[in-house]
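Working notes, beginning with the structure itself.
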Amino acid sequence: MLQRCDRNIESGNGDKVAMYWEGNEPGQDGKLTYSELLEKVCQLANYLKSLGVGKGDAVIIYLPMLLELPIAMLACARIGAVHSVVFAGFSADSLAQRIVDCKPKLVITCNAVKRGVKPIFLKDIVDAALVESEKNGVSVGLCLTYENQSAMKRENTKWQAERDVWWQDVVTKFPTKCDVEWVDAEDPLFLLYTSGSTGKPKGVLHTSGGYMVYTATTFKYAFDYKPTDIYWCTADCGWITGHSYVTYGPLLNGATVLVFEGTPNYPDSGRCWDIVDKYNVTIFYTAPTLVRSLMRDGTEYVTRYSRKSLRVLGSVGEPINPSAWRWFYNTVGDSRCPISDTWWQTETGGFMITPLPGAWPQKPGSATFPFFGVQPVIVDEKGQEIEGECSGYLCIKKSWPGAFRTLYGDHERYETTYFKPFAGYYFTGDGCSRDKDGYHWLTGRVDDVINVSGHRIGTAEVESALVSHPQCAEAAVVGVEHEVKGQGIYAFVTLVDGVPYSEELRKSLIMTVRNQIGAFAAPDKIHWAPGLPKTRSGKIMRRILRKIAARQLDELGDISTLAEPAVVDQLISLSNC
């Protein structure tokens, strides 16, 4: 993997476009051939080496979808450093948590980015995170900052001369050739933090050899990849999809990849299809959230564009509901493009259950069958495998090359979370049904993690943020079905005695979550709760809260075991407040 750009060039593809870049504003674009990409990777790799960054050292990358993001990932890989990309939508507190955990040699960021018309000052967020991490005993001495001129000029950027360095002032001075640092197959490639049910992000560690084999192979077959394809995955590299299927999987196959900085509804909801026509995109891989959002905006934004270049569509991040699948297939794909409805996880590294285009009949909303060598099983609550048509807990019976190897610094949690619930199996944390034809239907999380627009958010993280508010005494968060995002965040909040409910307080609580975690974790609903349904031992009965949030009031079940059953009626009466 570390010499993949070199080998693409050696095989005669040096002049082939490796990456197209489409900016936030229509008309902003760029491209890099494989030869140009290699040169830029080597320049950054040499700069990192000059700082003493080497094999096994961590580097935090907090960048938007500029070409410099995959360049930074590949530069780290080239010298054996372990990159940890943090989605440039996380708050300073969340970024600081990750800095404290992995103790990077430096942070790579840019001064700002524009998403639609909104500027986001990333350097300010990094500055605040570095202050916070230093309070917790981790000091980072260097912040390499790319000047993103389309969003902010360098003279307007807050600066600490003893720590901050402009990318353009130093990296471009380094040689365009850099020897590869050879690593073992089991040496770490990257850390990627994902939400956990305890509130502390989990540092998922992927290694080099198996991950390389798995991402390359799954990309090739799940998308029926051809050398002439133009491939666009809308995911950000701050998530696993951007690692496996924007950067590593496609480039290992010598593919041409599109990187998009902007948002899919700016300047209007036709932006995706304008881009598809501009670059003649053949494979389009996106999330059900985006599909539902564009479906809601109307078909006229789709049909005004040709989209004739498309031949394969893909879905990732959460189960896609059948109505969205049909709209995606019929409207976007003109009823001629198969949909690779992929199921996999940050932890699995690559696709686990997925259609292969044209290989077998599809069913709207089903991930269909396992990828080569993957052995999924459905078990009951006792861990017994269930055969035939059934529903239960999805587990994996045998190992696969792309599996993560540990949780950074917490191998005990790795074993407890994934392998102890059902002895002898990897537990995915997802529910699954299998129909009479053997097709798999993912039903969502069964633990305390909410999947919002493909982003896994731990309920404990949101609860922790809410109770940090001085007027919040207690909070309980559950997931609820959301028309666009798949799942929304529904928060039951108990206030400090004597504090009245108010719209201002509601907004303040939501802003607290936005500031501590990020805008994507903001609750969709604050439900005032004089008390929470608890057992006599003090355990919150989230099952009841989920039913209240979903307005499934006839399915509350037995509430006689609650310490205060009357709390349930109070919560129901406050549902519309």
Side-chain angles (χ1 to χ4, degrees), residues 87 89-91 93-94 115-116 118 194-195 197 199 236 239 263-265 269 287-297 317-321 323-324 443-469 471-472 474-495 501-530 532-533 540 542-553 571-577:
F87 172 59
F90 273 114
S91 68
D93 285 350
S94 292
R115 292 203 174 100
K118 181 183 178 182
T194 185
S195 292
S197 58
D236 191 287
W239 309 106
T263 59
N265 56 0
S269 295
T289 302
L290 176 59
V291 174
R292 287 190 292 266
S293 175
L294 297 177
M295 181 171 70
R296 186 180 62 181
D297 291 339
E318 60 186 292
I320 184 169
N321 52 300
S323 62
T443 55
R445 302 298 296 171
V446 297
D447 57 14
D448 291 328
V449 175
I450 304 171
N451 194 326
V452 179
S453 300
H455 304 161
R456 289 175 61 187
I457 301 166
T459 56
E461 283 184 279
V462 182
E463 289 166 1
S464 177
L466 286 167
V467 298
S468 72
H469 191 287
Q471 293 176 305
C472 177
E474 192 172 24
V477 170
V478 298
V480 66
E481 186 175 338
H482 191 285
E483 180 184 357
V484 174
K485 296 188 287 187
Q487 279 191 298
I489 296 175
Y490 196 110
F492 293 84
V493 172
T494 302
L495 300 178
Y501 308 142
S502 70
E503 186 59 28
E504 291 73 21
L505 181 52
R506 188 193 308 271
K507 291 177 180 177
S508 179
L509 287 163
I510 292 171
M511 189 55 64
T512 297
V513 178
R514 289 173 66 100
N515 290 339
Q516 289 195 24
I517 304 175
F520 59 90
D524 297 280
K525 168 77 172 177
I526 299 288
H527 187 132
W528 302 123
L532 294 170
I540 296 173
R542 295 174 189 277
R543 170 185 63 80
I544 293 173
L545 295 180
R546 291 189 188 99
K547 295 299 182 184
I548 293 173
R551 305 299 293 165
Q552 296 170 340
L553 304 181
L571 291 176
I572 293 171
S573 67
L574 290 168
S575 292
N576 297 319
C577 293

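- Scored by the salt bridge (Lys or Arg N to Asp or Glu O under 4.0 Å) test, Glu503 finds Arg506 as partners (sequence neighbours excluded).
- Listed by chain and residue number, nothing satisfies the side chain to side chain donor-acceptor pair (under 3.5 Å) test with Trp528 (two or more places apart in sequence, or in another chain).
- For Arg296, the salt bridge (Lys or Arg N to Asp or Glu O under 4.0 Å) criterion is met by no residue, not counting sequence neighbours.
- Classified by interplanar angle (parallel below 30°, tilted 30° to 60°, perpendicular above 60°), the ring pair Phe520/Phe87 is perpendicular.
- Across Val291 and Ala324, no two heavy atoms sit closer than the pair CG1-O, 3.6 Å.
- If you check the side chains of Ser91 and Asp93, you find no donor sitting under 3.5 Å from an acceptor.
- Annotation: side chain to side chain donor-acceptor pair (under 3.5 Å) contacts of His469 (sequence neighbours excluded): Ser508.
- Smallest separation of non-hydrogen atoms from Ile457 and Ala521: CD1-CA, 3.9 Å.
- With sequence neighbours left out, Ser269 forms a side chain to side chain donor-acceptor pair (under 3.5 Å) with Asp297.
- Residues that satisfy the salt bridge (Lys or Arg N to Asp or Glu O under 4.0 Å) test with Asp524, not counting sequence neighbours, are Lys485.
- With sequence neighbours excluded, the residues satisfying side chain to side chain donor-acceptor pair (under 3.5 Å) with Gln552 are Lys547.
- The side chain to side chain contact (heavy atoms under 4.5 Å, CB included) search around Pro523 returns Val462, Ile489, Ala491, Ile510, Val513, Ile526, not counting sequence neighbours.
- Under the ring pair (Phe, Tyr, Trp, His ring centres under 6.0 Å) criterion, His527 pairs with Tyr490, Phe492, not counting sequence neighbours.
- Among residues at least two apart or in separate chains, side chain to side chain donor-acceptor pair (under 3.5 Å) pairs with a member in residues 510-522 are Ser468-Gln516.
- In this structure Arg292 satisfies the salt bridge (Lys or Arg N to Asp or Glu O under 4.0 Å) test together with Glu318, sequence neighbours excluded.
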